[in-house]
Colleague: 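Quick one: the structure is below, and I'll ask about it shortly.
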Amino acid sequence: MTKLIKYSRLICALVVSISALSAGAFDVFEEYEKVIWINQPKQIGIAYERGKKLFEFPVVTGDDETTTNPGIYKVKLKDDSYYSRTYDTPMPYSIFFDLKGMKAIHEGEVPPPEKKKELATHGCIHVEPPYIEKLYAWADEENTAVVISGWRTGD
């Protein structure tokens, strides 16, 4: 990765962090009853309800070329049988958090860590069964936050 890309990511992360802090010390756990926290450096997700951890699950996110951008989003739409015309592939149990970019948490392969380095999404977040079914049933449109922290590293 070039130094320019590394510095661009650092600046973007700082801007997102400063923006969140300057918005009156926004606390996602106070604002939302349900929070899906995606830790990209560790490639794990955690579902929280009322600030308490319910369950943890492995994920795969985008890479340097097709990023999953850090930020605080809201579940906008759920579709249990969405089909992507762009990538000509089914995306079962889609929990959309970015409608403009059509990015969602959805069912997809999550290989073991030694093979995970070779796999990336197109900016979405893959979660395998049985976790995706549980997450899909639990998450609410407009009332569940999706927090994506950090950038994906070398896994």
Side-chain angles (χ1 to χ4, degrees), residues 9 12-13 16-17 19-63 66-155:
R9 283 186 165 185
C12 182
V16 168
S17 298
S19 297
L21 289 175
S22 65
F26 177 76
D27 183 350
V28 71
F29 292 103
E30 287 182 16
E31 185 74 21
Y32 293 92
E33 186 174 308
K34 296 179 178 183
V35 176
I36 302 168
W37 194 284
I38 305 298
N39 181 324
Q40 287 199 97
K42 292 185 178 181
Q43 291 290 281
I44 60 165
I46 302 171
Y48 291 94
E49 189 161 352
R50 295 183 188 97
K52 295 188 188 225
K53 181 178 174 180
L54 294 180
F55 58 97
E56 186 173 305
F57 47 94
V59 302
V60 171
T61 62
D63 60 11
T66 55
T67 61
T68 304
N69 296 329
I72 299 171
Y73 304 87
K74 186 180 350 178
V75 172
K76 295 290 190 183
L77 176 71
K78 292 173 32 176
D79 186 336
D80 64 350
S81 59
Y82 182 76
Y83 190 89
S84 170
R85 291 183 303 268
T86 303
Y87 298 108
D88 192 25
T89 190
M91 293 170 40
Y93 301 106
S94 287
I95 304 168
F96 286 94
F97 57 89
D98 176 2
L99 290 176
K100 183 178 178 187
M102 292 306 287
K103 293 184 181 181
I105 300 168
H106 63 84
E107 184 178 315
E109 181 183 6
V110 180
E114 61 275 5
K115 293 188 177 189
K116 194 181 281 188
K117 293 177 192 174
E118 301 164 18
L119 183 68
T121 69
H122 292 102
C124 287
I125 299 164
H126 285 187
V127 178
E128 286 185 321
Y131 302 108
I132 189 60
E133 292 100 334
K134 187 175 183 178
L135 195 63
Y136 184 87
W138 171 81
D140 297 322
E141 289 179 11
E142 299 295 331
N143 293 315
T144 302
V146 176
V147 178
I148 302 172
S149 68
W151 292 95
R152 184 171 178 178
T153 57
D155 296 340

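Here the structure is a predicted model, which is why all the values come from computation and not from measurement.
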Colleague: Ignoring hydrogens and angles, tell me if any N or O in the side chain of Tyr136 forms a donor-acceptor pair with the backbone of Asp80 under 3.5 Å.
Modeller: yes

Colleague: Find the distance between CZ (Phe97) and CG (Asn69) and round it off to the nearest 0.5 Å.
Modeller: 8.5 Å

Colleague: Passes salt bridge (charged side-chain N to carboxylate O under 4.0 Å, His left out), Lys53 versus Glu56? Steps please.
Modeller: CA-CA 8 Å; Lys53 181 178 174 180; Glu56 186 173 305; 2.7 Å; yes

Colleague: Measuring from Glu128:CD to Glu133:CD, what's the distance to the nearest 0.5 Å?
Modeller: 10.5 Å

Colleague: Distance-only, no hydrogens or angles: does the Ser94 side chain make a donor-acceptor pair with backbone N or O of Phe96 under 3.5 Å?
Modeller: no

Colleague: Hey, is the main chain of Ile95 close enough, under 3.5 Å, to the side chain of Lys76 for a donor-acceptor pair?
Modeller: no

Colleague: Hey, are the side chains of Met91 and Glu107 touching, using non-hydrogen atoms and a 4.5 Å cut-off?
Modeller: no

Colleague: Any non-hydrogen side-chain atom of Val60 less than 4.5 Å from a side-chain atom of Glu109?
Modeller: no

Colleague: For residues His106 and Tyr82, establish whether the separation of their ring centroids is below 6.0 Å.
Modeller: no

Colleague: Any side-chain heavy atom of Gln40 sitting closer than 4.5 Å to one from Ser149?
Modeller: no

Colleague: Decide yes or no on side-chain contact (heavy atoms from CB on, under 4.5 Å) for Val147 and Tyr73, but give the supporting numbers first.
Modeller: CA-CA 6 Å; Val147 178; Tyr73 304 87; over 6 Å; no

Colleague: Which class fits the ring pair Phe29 and Trp37: parallel under 30°, tilted 30 to 60°, perpendicular over 60°?
Modeller: parallel

Colleague: Compare every heavy atom of Cys124 with every heavy atom of Ala104, then report the nearest pair and how far apart it is.
Modeller: O-CB, 3.1 Å

Colleague: Does Glu30 use its side chain to pair, donor to acceptor, with the backbone of Asp27 at less than 3.5 Å?
Modeller: no

Colleague: Just to verify, what does Asp140 make a side chain to side chain contact (heavy atoms under 4.5 Å, CB included) with, not counting sequence neighbours?
Modeller: Lys34, Asn143, Thr144

Colleague: To check you understand the geometry: which heavy-atom pair defines the closest contact between Ala120 and Gly62, and what is its length?
Modeller: CB-C, 4.3 Å

Colleague: Do the non-hydrogen side-chain atoms of Val59 and Val110 ever get within less than 4.5 Å of each other?
Modeller: no

Colleague: Is there a salt bridge (charged side-chain N to carboxylate O under 4.0 Å, His left out) between Lys74 and Glu142? Walk through the geometry before answering.
Modeller: CA-CA 6 Å; Lys74 186 180 350 178; Glu142 299 295 331; 3.3 Å; yes

Colleague: Should we count OH of Tyr131 as having more than 12 external heavy atoms under 6.0 Å?
Modeller: no

Colleague: Are any non-hydrogen side-chain atoms of Ile132 and Phe57 less than 4.5 angstrom apart?
Modeller: no

Colleague: Given the rule in the side chain to side chain donor-acceptor pair (under 3.5 Å) test, do Tyr83 and Asp88 qualify, once you have shown the distances and angles that lead to the verdict?
Modeller: CA-CA 7 Å; Tyr83 190 89; Asp88 192 25; 2.5 Å; yes

Colleague: Exactly one of Thr68, Ile105, Ile36 should register a side-chain contact (heavy atoms from CB on, under 4.5 Å) with Ile148. Which one does?
Modeller: Thr68

Colleague: Taking atom CG of Leu135 and atom OH of Tyr93, what is their separation to the nearest 0.5 Å?
Modeller: 12.0 Å

Colleague: With side-chain contact (heavy atoms from CB on, under 4.5 Å) as the test, would you mind laying out the steps for Thr66 and Thr121 before giving the verdict?
Modeller: CA-CA 7 Å; Thr66 55; Thr121 69; 5.5 Å; no

Colleague: Kindly indicate, with the supporting measurements, whether the criterion salt bridge (charged side-chain N to carboxylate O under 4.0 Å, His left out) is fulfilled by Lys78 and Glu141.
Modeller: CA-CA 7 Å; Lys78 292 173 32 176; Glu141 289 179 11; over 6 Å; no

Colleague: Main chain of Thr61, side chain of Arg152: is a donor-acceptor contact present, judged purely on distance under 3.5 Å?
Modeller: yes

Colleague: Decide whether a cation-pi geometry holds between Lys134 and Phe55; the criteria are a distance under 6.0 Å from NZ or CZ to the six-membered ring centre and an angle within 45° of the ring axis.
Modeller: yes

